[in-house]
K.L.:
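The structure is given below, and queries will be raised subsequently.
Throughout, numbering of the chain's residues begins at 1 and tracks the sequence.
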Amino acid sequence: MLYLDDCSLDEHSLQSLGALPSLKNLSLRELNGTVPSGGFLDLKNLEYLDLSSNTLNNSIFQAIGTMTSLITLKLEGCSLNGQIPRTQGLCDLNHLQELDVSDNDLSGVLPSCLANLTSLQQLSLFYNHLKIPMSLSSLYNLSKLKYFDGSGNEIFAEEDDHNLSPNFQLESLYLSGIGQGGAFPKFLYHQFSLQSLDLTNIQIKGEFPNWLIENNTYLQELYLENCSLLGPFLSPKTSRVNLSILSISMNHFQGQIPSEIGARLPGLEVLFMSDNGFNGSIPFSLGNISSLQGLDLSNNILQGQIPERIWNMSSLEFLDLSGNNFSGRLPPRFGISSNLRYVYLSRNKFQGPITMSFDNPTEILALDLSHNNLTGTIPEWIDRLSNLRFLLLSYNNLEGEIPFQLSRLDQLTLIDLSHNHLSGNILSWMISTHPFPQQYNSHSSMSSSQQSFEFTTKNVSLSYRGSIIQYFTGIDFSFNNFTGEIPPEIGNLSMIKALNLSHNSLTGPIPPTFWNLKEIESLDLSYNKLDGEIPPRLIELFSLEVFNVAHNNLSGKIPARVAQFATFDESCYKDNPFLCGEPLPKICGAAMPPSLTPTSTNNKDNGGFMDMEVFYVTFWVTYIMVLLVIGAVLYINSYWQRAWFHFIEVSINNCYYFLVDNLPILSKFGFS
């Protein structure tokens, strides 16, 4: 075997490979140069050739036809485009057993000449733009074909010819893509050796294929996500099967989950049934599947309390029960599994305090209890989850202050405490110890692809799912009762994407350190009591898409309308009485009384400021008018005139005798 992967070979060096006529195995992946049309292509005895991750054109299909001894040909990610040629070349390789042309830009229908590759056992076409009939009729003659992957292409329905049946017995079939598949293809009824089947995203008419798992006793993996399947799940006649992975999420299944599911599928390792119409309670037998590692029943209509066996499944790593109607209290003790890492219980009706504990807390990476009716405080045991990445407790009725133990979770990349009744300060020690790691690495590819959470960013509540979670970092403390100043240490979180502190009672200035948040995309500080100027260096935040400081007591000039700040309109700054400059109508430099300075106001009412000039004018006008009214009354009414002068006379006499009586006493204290 000759490996020249990732080498900087010139054309002469590649041409010289032709001097090795006995060479049988050659790998030229990721060459840093041009792959010539001669040289290695003259190696008639070559059996293995890998040219993946190079830039080739379609002439390679014809040129390769001279290498008649080839058994394995890999052309993955070679920028090939257009149709696969139907003439001489590729289709003449009668000894070819493995062909991989995946991750290119090939288009058109599968050429019928592929049926000439009678020795072919593995065919990989995934991630192209090919049109592949779901019946695979053009491949029926490939009697040795065991593996076919056409995922990521356009799958279309083709009327089955009932007089034809395939000569192959597939072990692995992957047809996930986009398209209308019609009914299940007839050839599947003749397959008895399937181990893996993936028809994800193919719109199929019909019910769950119980016959498929009955016929294929070796079937290990079955993926039927988003296939528009309906009706009940698992026929009562279905016997025990050996499936290890069953994914039927995003269909239209209804009714209760069969109570005997644990007995029929005892070897399951992954069960994904989210986004269907399942109702009733979780069957107890599900907790008897000791091998289960991943369980997703989210977004159904399940209700009642969760069986204790579910909390304590020994192999469980991933648990998502969010988006149902589960009620009651959270379990006091959670999980005897040492592998449990992801717990999603959001959007249910759980009540009471967060009293749950974990037998192996250091393994927990994600905890989502948002959108429930939880009460009490954030528990002090939270620091036991020392490797926690995601903590979501929003939309509950939690109160009290943030416990200092939260500061010990130095692996957090996402924390959402919004829409609660939390109070106190956002303490600097809680933030300064969180470096927000640049990338989160999942321990399991299964868990990484399935996990999800809901987070409000860019003024929209979005659901994040899959690998994008690795790159998302954010803090949401909005809609609480936090007071005090914003800690300047938040400016150290250079990788944060979203920061929402809106709808609190925060005071003081916007920290100048915020200009260090180079990756931030959404910054919301609205509805607080912040004062001072907006730091001008915020215009250096070139990733910023949403910026809102409305309803505060900010003053001074709005930062220059350059770069992304040119996109923020008046609504981003409104109800700050002392802000000026575009896009607000108030012009900077307009006349303003020098004695007038911004003072704090409540962000929930518009209590005004006192204009002293208007006060003085109003005072003197009122004083003069009172004197004039008194004079007019005395002039018109003689009775009140006599009473007024009598009052003045009595007052003068009283003052005179008071001074006469007390003058000797006052003189003793130095008054004369």
Side-chain angles (χ1 to χ4, degrees), residues 122 126 146-149 151 169-176 184 188 191-202 208-227 229 233-235 237-251 253 257-276 278 282-298 307 309-310 312-321 335-342 344 442-451 466:
Q122 297 185 38
F126 64 86
K146 302 294 183 184
Y147 177 100
F148 180 79
D149 191 346
S151 301
Q169 280 293 318
L170 291 174
E171 295 178 357
S172 299
L173 174 60
Y174 301 99
L175 280 177
S176 64
F184 281 100
L188 282 178
Q191 300 299 303
F192 305 102
S193 300
L194 278 173
Q195 298 177 19
S196 299
L197 175 62
D198 187 355
L199 300 179
T200 299
N201 294 327
I202 305 300
F208 181 81
N210 291 282
W211 51 268
L212 185 67
I213 58 179
E214 291 280 357
N215 291 347
N216 293 272
T217 57
Y218 297 102
L219 190 63
Q220 294 289 310
E221 302 176 359
L222 179 58
Y223 302 92
L224 297 174
E225 291 190 16
N226 193 27
C227 291
L229 298 174
F233 162 65
L234 281 184
S235 167
K237 299 180 181 180
T238 303
S239 59
R240 173 172 172 163
V241 294
N242 295 318
L243 276 174
S244 60
I245 298 178
L246 176 59
S247 182
I248 56 171
S249 298
M250 293 181 285
N251 282 288
F253 294 118
I257 300 174
S259 59
E260 62 276 12
I261 186 172
R264 295 184 186 179
L265 305 172
L268 274 180
E269 297 178 5
V270 175
L271 178 59
F272 291 158
M273 303 171 64
S274 67
D275 297 276
N276 280 286
F278 291 114
I282 297 178
F284 286 95
S285 67
L286 197 58
N288 295 331
I289 306 178
S290 59
S291 57
L292 197 62
Q293 300 174 22
L295 176 61
D296 186 354
L297 302 178
S298 61
R309 292 181 181 181
I310 301 297
N312 296 302
M313 300 178 75
S314 58
S315 299
L316 200 61
E317 177 184 342
F318 177 93
L319 177 64
D320 191 349
L321 303 178
I336 60 175
S337 171
S338 60
N339 299 315
L340 189 62
R341 294 187 173 94
Y342 308 94
Y344 297 94
S442 172
H443 291 240
S444 165
S445 58
M446 178 273 294
S447 299
S448 177
S449 62
Q450 193 68 14
Q451 62 183 305

K.L.:
So, Ser285 side chain and Ser259 main chain: donor-acceptor pair closer than 3.5 Å or not?
P.N.:
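Yes; judged by distance alone, with no hydrogens or angles, the pair exists.
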K.L.:
Take atom CZ of Phe192 as the centre, draw a 6.0 Å sphere, and report whether it contains more than 12 heavy atoms from other residues, nucleotides or ligands.
P.N.:
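Yes, CZ of Phe192 has more than 12 neighbouring heavy atoms, counting only those of other groups under 6.0 Å.
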K.L.:
What residues, two or more places apart in sequence or in another chain, satisfy ring-ring contact (aromatic ring centres under 6.0 Å, His included) together with Tyr174?
P.N.:
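By the ring-ring contact (aromatic ring centres under 6.0 Å, His included) rule, Tyr174 matches Tyr147.
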K.L.:
Give, for atom NZ of Lys146 and atom CD of Gln169, the distance between the pair rounded to the nearest 0.5 Å.
P.N.:
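Going from the NZ atom of Lys146 to the CD atom of Gln169 covers 7.0 Å.
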K.L.:
Any luck finding a side-chain donor-acceptor pair between Ser249 and Glu225 under 3.5 Å?
P.N.:
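No - no donor-acceptor pair under 3.5 Å links their side chains.
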K.L.:
Rounded at 0.5 Å granularity, tell me how far CG in Leu271 sits from CG in Leu297.
P.N.:
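So the gap between those two atoms works out to 6.0 Å.
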K.L.:
If we only count heavy atoms from C-beta on, is the Leu316 to Asn339 side-chain gap below 4.5 Å?
P.N.:
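Counting from C-beta outward, Leu316 and Asn339 never come under 4.5 Å.
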K.L.:
To the nearest 0.5 Å, tell me how far Phe318 CZ sits from Arg341 CZ.
P.N.:
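Phe318 CZ to Arg341 CZ: 13.0 Å, rounded to 0.5 Å.
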K.L.:
Nearest 0.5 Å, please: how far is CE in Met250 from CE in Met273?
P.N.:
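Reported to 0.5 Å precision, the distance equals 14.0 Å.
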K.L.:
Out of Leu212, Leu175, Ile213, which residue meets the side chain to side chain contact (heavy atoms under 4.5 Å, CB included) rule with Leu197?
P.N.:
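Among Leu212, Leu175, Ile213, the one that satisfies the side chain to side chain contact (heavy atoms under 4.5 Å, CB included) with Leu197 is Leu212.
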K.L.:
Check salt bridge (Lys or Arg N to Asp or Glu O under 4.0 Å) between Glu214 and all other residues, then give those that pass, not counting sequence neighbours.
P.N.:
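Glu214: no salt bridge (Lys or Arg N to Asp or Glu O under 4.0 Å) contacts found.
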K.L.:
Does any N or O in the side chain of Asp320 come within less than 3.5 Å of the main-chain N or O of Ser298, such that one atom is a donor and the other an acceptor?
P.N.:
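Checked: no pair found.
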K.L.:
Return the set of residues passing side-chain hydrogen bond (donor to acceptor under 3.5 Å, both in side chains) with Asn215 (not counting sequence neighbours), or none when no residue passes.
P.N.:
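side-chain hydrogen bond (donor to acceptor under 3.5 Å, both in side chains) list for Asn215, sorted by chain: empty.
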K.L.:
Sequence neighbours left out, what passes side-chain contact (heavy atoms from CB on, under 4.5 Å) with Tyr218? Give chain and number order.
P.N.:
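Tyr218 satisfies side-chain contact (heavy atoms from CB on, under 4.5 Å) with Gln195 only.
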K.L.:
Using a 4.5 Å cut-off on heavy atoms from C-beta on, say whether the side chain of Phe272 contacts that of Tyr223.
P.N.:
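Of all side-chain heavy-atom pairs linking Phe272 with Tyr223, none is under 4.5 Å.
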K.L.:
Who are the ring-ring contact (aromatic ring centres under 6.0 Å, His included) partners of Phe278, not counting sequence neighbours?
P.N.:
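Listed in chain order: nothing, the list is empty.
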K.L.:
How would you list, by chain and number, every residue that makes a side-chain contact (heavy atoms from CB on, under 4.5 Å) with Ser176, sequence neighbours excluded?
P.N.:
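Residues passing side-chain contact (heavy atoms from CB on, under 4.5 Å) with Ser176: Ser151, Asp198, Thr200.
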K.L.:
Just jot down the ring-ring contact (aromatic ring centres under 6.0 Å, His included) partners of Phe233, sequence neighbours excluded, or say none.
P.N.:
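Testing Phe233 for ring-ring contact (aromatic ring centres under 6.0 Å, His included), a comparison that skips the adjacent residues, returns Phe208.
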K.L.:
Would the distance check show the side chain of Asn288 and the main-chain N or O of Leu286 forming a donor-acceptor pair, the cut-off being under 3.5 Å?
P.N.:
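Not a single qualifying donor-acceptor pair exists.
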K.L.:
Can you sort out the partners of Gln191 under side-chain hydrogen bond (donor to acceptor under 3.5 Å, both in side chains), two or more places apart, ordered by chain and number?
P.N.:
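Gln191 satisfies side-chain hydrogen bond (donor to acceptor under 3.5 Å, both in side chains) with no residue once adjacent residues are dropped.
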K.L.:
Does any part of the side chain of Val270, heavy atoms only, come nearer than 4.5 Å to the side chain of Leu246, both counted from C-beta?
P.N.:
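Sidechains of Val270 and Leu246: no contact.
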K.L.:
Compare every heavy atom of Pro258 with every heavy atom of Pro283, then report the nearest pair and how far apart it is.
P.N.:
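Looks like CG-O, 3.7 Å.
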K.L.:
Could I get the full list of ring-ring contact (aromatic ring centres under 6.0 Å, His included) partners for Phe126, not counting sequence neighbours?
P.N.:
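Residues passing ring-ring contact (aromatic ring centres under 6.0 Å, His included) with Phe126: none at all.
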K.L.:
Name all residues meeting the side-chain hydrogen bond (donor to acceptor under 3.5 Å, both in side chains) criterion together with Asn226; count only those two or more places apart in sequence or in a different chain, and write none if there are none.
P.N.:
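Here the qualifying residues are Asn201.
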K.L.:
Only one of Leu188, Leu194, Leu243 forms a side chain to side chain contact (heavy atoms under 4.5 Å, CB included) with Asn216, so which one is it?
P.N.:
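Checked Leu188, Leu194, Leu243 against Asn216; only one passes side chain to side chain contact (heavy atoms under 4.5 Å, CB included): Leu194.
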K.L.:
State, yes or no, whether a side-chain contact exists between Phe253 and Leu234 at a heavy-atom distance under 4.5 Å.
P.N.:
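Counting from C-beta outward, Phe253 and Leu234 never come under 4.5 Å.
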K.L.:
Quick one: does any side-chain atom of Ser315 pair with a main-chain N or O of Leu292 as donor and acceptor, under 3.5 Å?
P.N.:
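No, the answer is negative, given that no donor and acceptor are paired below the 3.5 Å cut-off.
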K.L.:
Residues in side-chain contact (heavy atoms from CB on, under 4.5 Å) with Asn242, at least two apart?
P.N.:
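By the side-chain contact (heavy atoms from CB on, under 4.5 Å) rule, Asn242 matches Gln220.
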K.L.:
I'd like to check the side-chain hydrogen bond (donor to acceptor under 3.5 Å, both in side chains) partners of Glu260; sequence neighbours left out, ordered by chain and number.
P.N.:
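Expected list: Arg264.
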K.L.:
Check whether any side-chain N or O of Asn251 sits under 3.5 Å from a backbone N or O of Ile248 as a donor-acceptor pair, and report yes or no.
P.N.:
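Yes, because the side chain of Asn251 sits within donor-acceptor range (under 3.5 Å) of the backbone of Ile248.
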